[in-house]
S.K.: 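Structure incoming, see below.
In listed order, ligands and their atoms are each counted from 1. Quick note: numbers below take in every heavy atom, side chains included, and nothing from hydrogens, waters or symmetry partners.
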Amino acid sequence: QAKLQQSFYVEYQQGLDEQHMRRLQIIESLKDAVKDEELHLVLQPKINCQSGTVVGAEVLLRWQSEKLGFVGPDEFIPLAEQSGAITDLTDWVCRQSVELLRNWEQQGKTLKLSINLSTVDLLSDALPLLFEQLIKGFPQLPQRLVLEVTESAVMQDPEKAIARLETLKRLGFSISIDDYGTGHSSLAQLRRLPVEELKVDRAFVQYLSEEAMDESIVRSTIQLAHELGLRVVAEGVEDEASWKVLQSLQCDELQGYYFSKPLAISDFKNYLTEHELK
Ligand code: C2E
Ligand code: CA
Ligand code: CA
Ligand code: CA
């Protein structure tokens, strides 16, 4: 018995050591990810709910590490936040996004991009400075770039985060509350935030066409959000039936595998052309 327990313990300990090692390796490799050009962006189309046309995209980060192979954002973003590397990553995402927007603008395309900001980004002084600099080169930026923050990112230091969101709003940016419904805040609390958009978490959207309860939740969320003057985006739309439900509930914009997975930039360009023809 004791021996068995010991071997469990050894296995458990080895598992922990391996996890710990991997974390350290990720943190170490992330330091040079920008410089070594290991990052790229993918774009997931955002769709107008009523018309089905493309209005823009969410920018999502991908990391193909030379040492570790492909590492998903759910794994490396939290570690980048811990190590501080996130500041460089977000800087890179912002600059790349500006280039995309500038190119589209030159082609007469008015699209919006949404980027994800972490707690660290929200509280650091680097961000407003970066945006002020980027706006000088591309004055339309605040009208084209939506900033997604999660409720938990705001709640870590609400006073400072809200002050920062106010600053970003004054610069002209619109703020979106990501993963809405997974945290503990009510819409009544969130309405104190300077936000313009609510993204209903995919947990409520995924089974929308099958679960009556989910439909009730999404319906009342959309109603209340609209009364507060917020735009509502549903993420994780995976089938046509859910789209139809969201249309009937007057949702504003959609994202999800039903329309498209996140796409490489060149594939997004093709997607745009195909969907312009329709
Ligand atoms: P998120 O911001 O909630 O992004 C949406 C995630 O849902 C993306 O995963 C997307 O690929 C996935 N998704 C989209 N449509 C569907 C669908 O119909 N069904 C399902 N099951 N999933 C769908 P991804 O790209 O793996 O990103 C995961 C998370 O990593 C993001 O969640 C975000 O929190 C974080 N992340 C990604 N890129 C960045 C970034 O540049 N900066 C920061 N701070 N975080 C990022
Ligand atoms: Ca997001
Ligand atoms: Ca989300
Ligand atoms: Ca998320």
S.K.: Sub-3.5 Å donor-acceptor pair from the side chain of R102 to the main-chain atoms of G137, do we have one?
M.R.: yes

S.K.: Under 4.0 Å, heavy atoms only, figure out whether ligand 1 is touched by the backbone of I77, its side chain, both or neither.
M.R.: side chain

S.K.: Please find out if the Ca ion (ligand 2) and some N, O or S atom of N116 are separated by less than 3.0 Å.
M.R.: yes

S.K.: With sequence neighbours left out, what residues match F76 under ring pair (Phe, Tyr, Trp, His ring centres under 6.0 Å)?
M.R.: W63

S.K.: Under 3.0 Å from the Ca ion (ligand 3), is there any N, O or S atom belonging to D201?
M.R.: no

S.K.: Does the pair N270 and T273 meet the rule for a side-chain hydrogen bond (donor to acceptor under 3.5 Å, both in side chains), with working shown?
M.R.: CA-CA 5 Å; N270 295 335; T273 335; 4.9 Å; no

S.K.: Between N48 and S51, is there a side-chain donor-acceptor contact under 3.5 Å, judged purely by atom types and distance?
M.R.: yes

S.K.: Identify the residue among Q143, E253, E58 that makes a side-chain hydrogen bond (donor to acceptor under 3.5 Å, both in side chains) with K112.
M.R.: E253

S.K.: Show me which atoms of ligand 1 lie under 4.0 Å from any heavy atom of P262.
M.R.: 11 (O)

S.K.: Could I get the full list of salt bridge (Lys or Arg N to Asp or Glu O under 4.0 Å) partners for E210, not counting sequence neighbours?
M.R.: none

S.K.: What are the atoms of ligand 1, with element, lying closer than 4.0 Å to any heavy atom of D74?
M.R.: 28 (C), 29 (C), 30 (O)

S.K.: How wide is the angle at the Ca ion (ligand 2) between OE2 in E58 and OD2 in D178, to the nearest 10°?
M.R.: 180°

S.K.: Which is closest to atom 18 (O) of ligand 1 in terms of heavy atoms, Y258, W92, Y257?
M.R.: Y257

S.K.: At a 4.0 Å threshold, what atoms of ligand 1 neighbour a non-hydrogen atom of Q44?
M.R.: 14 (C), 15 (N)

S.K.: Among the N/O/S atoms of E148, which is closest to the Ca ion (ligand 2)? Give the atom name.
M.R.: OE1

S.K.: Considering only heavy atoms of D179, which atoms of ligand 1 have at least one such atom less than 4.0 Å away?
M.R.: 3 (O)

S.K.: Taking atom types as modelled and ignoring hydrogens, do the side chains of T182 and D179 form a donor-acceptor contact shorter than 3.5 angstrom?
M.R.: no

S.K.: Between the candidates K199, Q255, E235, R202, which shows the shortest non-hydrogen contact distance to atom 7 (O) of ligand 1?
M.R.: R202

S.K.: Going by the order shown, which atoms of ligand 1 are within less than 4.0 Å of some heavy atom of G256?
M.R.: 15 (N), 18 (O)

S.K.: Hey, what's the ring geometry for F259 with W243, parallel, tilted or perpendicular (30° and 60° as the breaks)?
M.R.: perpendicular

S.K.: Any nitrogen or oxygen of E238, side chain or backbone, less than 3.5 Å from one on ligand 1?
M.R.: yes

S.K.: Q206 heavy atoms, cut-off 4.0 Å: which ligand 1 atoms fall inside?
M.R.: 21 (N)

S.K.: Heavy atoms only, cut-off 4.0 Å: how does D178 contact ligand 1, side chain, backbone, both, or neither?
M.R.: side chain

S.K.: Taking just the N, O or S atoms of D179, which one is nearest to the Ca ion (ligand 3)?
M.R.: OD1

S.K.: Relative to the heavy atoms of E58, which atoms of ligand 1 are at a distance of less than 4.0 Å?
M.R.: 2 (O), 4 (O)

S.K.: If you draw a 6.0 Å radius around CD in Q50, do more than 12 non-hydrogen atoms from other residues or ligands fall strictly inside?
M.R.: yes

S.K.: Please determine if P73 has a nitrogen or oxygen closer than 3.5 Å to a nitrogen or oxygen of ligand 1.
M.R.: no

S.K.: Between E75 and ligand 1, find which residue part has any heavy-atom pair under 4.0 Å and reply side chain, backbone, both or neither.
M.R.: neither

S.K.: Using a 6.0 Å cut-off, check whether atom NZ of K244 has over 12 heavy atoms from anything other than its own residue.
M.R.: yes

S.K.: Examine the side chains of Q255 and Q44 and answer whether a donor and an acceptor come within less than 3.5 Å of each other.
M.R.: yes

S.K.: Would you find a donor on one side and an acceptor on the other, under 3.5 Å apart, between the side chain of D252 and the backbone of V232?
M.R.: yes

